[in-house]
Amino acid sequence: MTDDLTRLAAHELAARLRAGVMTSREITAAHLARARATDHGLHAWLTLDDERALAEADAADARLAAARGEGAGAVDALHPLLGIPIALKDLVSVAGGQATAGSRILVGYRAPFDAHVTERLRDAGAVILGKTNMDEFAMGSSTEHSAFGPTANPWDLERVPGGSSGGSAAAVAAYHVPLGIGTDTSGSIRQPAALCGIVGMKPTYGRVSRYGIVAFASSLDQIGPFGRDVRDAAALLHAVSGRDERDSTSAPVPVPHDLIDLPADDDEAASWLRGKRVGLPREYFVPGMESGVEARVREAVAVLETAGARVEEVSLPHTDYGLATYYIVAPAEASANLARYDGVRFGYSVRGGDDYLADYLATRGRGFGAEVKRRVMLGTYALSAGYYDAFYVKAQKTRTLIKRDFDRLWEAGFDTLVAPTSPSVAFPFGARMADPVQMYLSDACTLPVNIAGLPGISVPCGLSEGLPVGLQLIGAAWSEGELCRAARAYEGATASAAWRSILPHDLAALEDPSTPTPAERVAAGSAT
Ligand code: GLN
C-alpha cells in the first residue's frame, strides 16, 4: 500500500486527507520510508528529518481535526498543501538546520531563521521532509557540481537529473515526495523538470521573496515549484508567493486565485486553448538541438493547434546574445554575493595561517569548488575598473534589448509562447564536465526568460530515446495564472497520450540495495 500512496499527486492526497480516509502522519511516514529505502542509488537528499517531519504531520492532522470541528467552511479554507510532504533545495533556510547550497564552504553553518518560503509553507501546513542536493551555489546544469557528489536521474541512473535543482527534481520524479522547491537563475527549475519528466515553474521576478535563500545572482534568482502535474506545481507556487517586506524586490502584486483553482477535468482544461494566440519563437530551435526533442515539441505545438489555439512563428531577435549576457551578469553578481564567505561569518573556516589574509585564501581555496572559482574570477574581471563598461554595462544594455523582444510580442497580443525547455534529453554523467561552455549551453532556451524577469513553466511532452522531453511555456510578467491555465490545458489535451503511462525506467533498480551510488558510477566511469 505504501507504494500506492506515494504515487498519488498532492491534490489527490489532499482530497483523501479532507475525506478523512488518510492522515498526514500516514502520508508522511510512507514518503519518508520510500525516500530512505530508495535514495541510495539516487542521492537526491542531503538530509531527511524524520522526527521534525512527523511532528509537522501531527500538527497538520490536529489543524485538520480542529477545522472539522468548526464545519465544512473551515475545512475548505485550509490550504491544499496542508499535511503534504515537500522537499527543499539545500539553499532554503530552515531555522536551526543546514543550508549548504551544495558547497563545502557552508558545512557547519546553521540557519538562524526560516526563509520566507519556509514560513509560508509552515503557514500552509506543508510537511518539510528534508533538504535536497544541488550544484554548488546553484551553478551548473547537472548537479555534478555538488560538493557532496552527484544525483542520478530515475529514468536512467547513468544520467544526470539536470541542475542546479537536480535533487528536488529527482526526488519528485522518483516518488519520494509529491512537491519540491527549487531556484531558477537561468533554468535550474525548468531544465531539471524537463530532464526528469515532471513540471517545474520559474515565476515572474519578484513573485516570491528571496529572503532566507542563499544568493547566487540576485537580479536573476527566483524560487519556484516542482510537481508531477500542473495543478500541484501551481498550488505550491500559490503557497509561497506574495509580497514580503524583507525582500525589497518582492512585488506587492496580488497572487492569482487561478493557481489553486485549475480545472480538474481534462476537457474543460483543454478548452482554455480555443482562440488563444500562441507564439513559437524560431530562435529557440537552436543549432545542435536533438532531433527527437524538436520532434516532440513540434508534436506538442500540433496538439495546441488541434485544441483550437492559433500558433504563429515569431522572432525574438536578440536571443543569441542571451548566453553571453547571462555569463557576464550572473558571475558579476555571484562574485559580489560570494564575497561574504570569508571563513569568519559562515561555516567552513581554515585557521592557523600567518595572518588573516592567508586564512581567508585557504578557506576560499579549499571551501569553493572549481566551477564557483571560475565564476568568481569571471565576475571580478567583468566588474574591474578597466572592463566594467566594456562587459558589465554592455551586458545590461543587451539585457534591455532581450526584454524588449518579449515586450513586443505581448503588445502584439500573444497569450503565451511555446518553446523547447532543453535542447537535449538527460545526458550521461561526465558528458559536459570537461567543457564548461557545453554545460552552459544546456540553458540556452531557458535563460532569456530570467534575463527578462518573466514566468516560464516546463511540462512533460513525451519521450525521445526513452527519456523525457520538456515543453516550455512563457508568459508576460505576472501572468502565472494564465500560464498555469495554458500548461494545464496542454496537460488536459494530452491526458490520454500513451507516453503519460510510462514511468521512470529505473524505479525498480532504486529498490535494489546493491545498486551503486551515483558517485560510485561516476568513479567507475572515469576509471574506464
Ligand atoms: N546553468 C546555470 C548556471 O550554471 C544554472 C543557473 C541556475 O538557474 N541556478 O549558472
Side-chain angles (χ1 to χ4, degrees), residues 89-92 100-103 132-147 150-151 160-169 180-195 200-203 205 208 210 213-226 286 322-338 368-379 382 395 421-424 426-427 431-433 435-458 470 472:
K89 188 176 183 177
D90 199 24
L91 46 47
V92 178
T100 63
S103 183
T132 53
N133 199 18
M134 57 180 287
D135 284 299
E136 186 174 5
F137 286 103
M139 298 171 186
S141 300
S142 67
T143 314
E144 290 166 287
H145 288 304
S146 168
T151 295
V160 304
S164 61
S165 317
S168 286
I181 284 283
T183 57
D184 190 313
T185 306
S186 74
S188 284
I189 295 174
R190 289 161 289 159
Q191 185 255 12
L195 270 46
M201 183 170 192
K202 181 250 167 218
Y205 183 78
V208 183
R210 291 175 292 108
I213 303 297
V214 178
F216 164 13
S218 307
S219 78
L220 298 158
D221 296 345
Q222 264 299 287
I223 297 143
F226 288 106
V286 293
L323 196 73
T325 303
Y326 175 80
Y327 277 97
I328 298 291
V329 174
E333 293 182 11
S335 72
N337 274 328
L338 271 53
F368 287 144
E371 183 60 29
V372 173
K373 289 178 186 163
R374 183 180 295 128
R375 303 291 177 102
V376 170
M377 284 190 278
L378 281 171
T421 304
S422 160
S424 75
F427 43 92
R432 299 188 186 169
M433 284 298 270
D435 181 352
V437 176
Q438 265 314 103
M439 190 71 93
Y440 297 170
L441 280 166
S442 310
D443 292 335
C445 300
T446 45
L447 60 86
V449 167
N450 301 72
I451 290 176
L454 303 177
I457 186 167
S458 181
Q472 183 180 202

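Along the sequence shown, residues are numbered consecutively beginning with 1. Both ligands and their constituent atoms are indexed starting at 1 by order of listing.
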Legend entry - Polar contact flag, side-chain donor to acceptor under 3.5 angstrom, S442-R432: yes

Legend entry - Protein residues that have a heavy atom under 4.0 Å from any atom of ligand 1, sorted by chain and number: A138, M139, G140, S141, S164, D184, T185, S186, G187, S188, F216, Y326, Y327, R375, D443

Legend entry - Main-chain N/O of G182 paired with S165 side-chain donor or acceptor, under 3.5 Å: no

Legend entry - Check: D443 main-chain N/O paired with T446 side-chain donor or acceptor under 3.5 Å: yes

Legend entry - Check: F216 and T183 side chains under 4.5 Å, non-hydrogen atoms: no

Legend entry - Distance-only donor-acceptor check, side chains S103 and E136, under 3.5 Å: yes

Inset, instruction - For the residue pair T143 and T151, confirm or rule out a side-chain donor-acceptor distance under 3.5 Å. - result: no

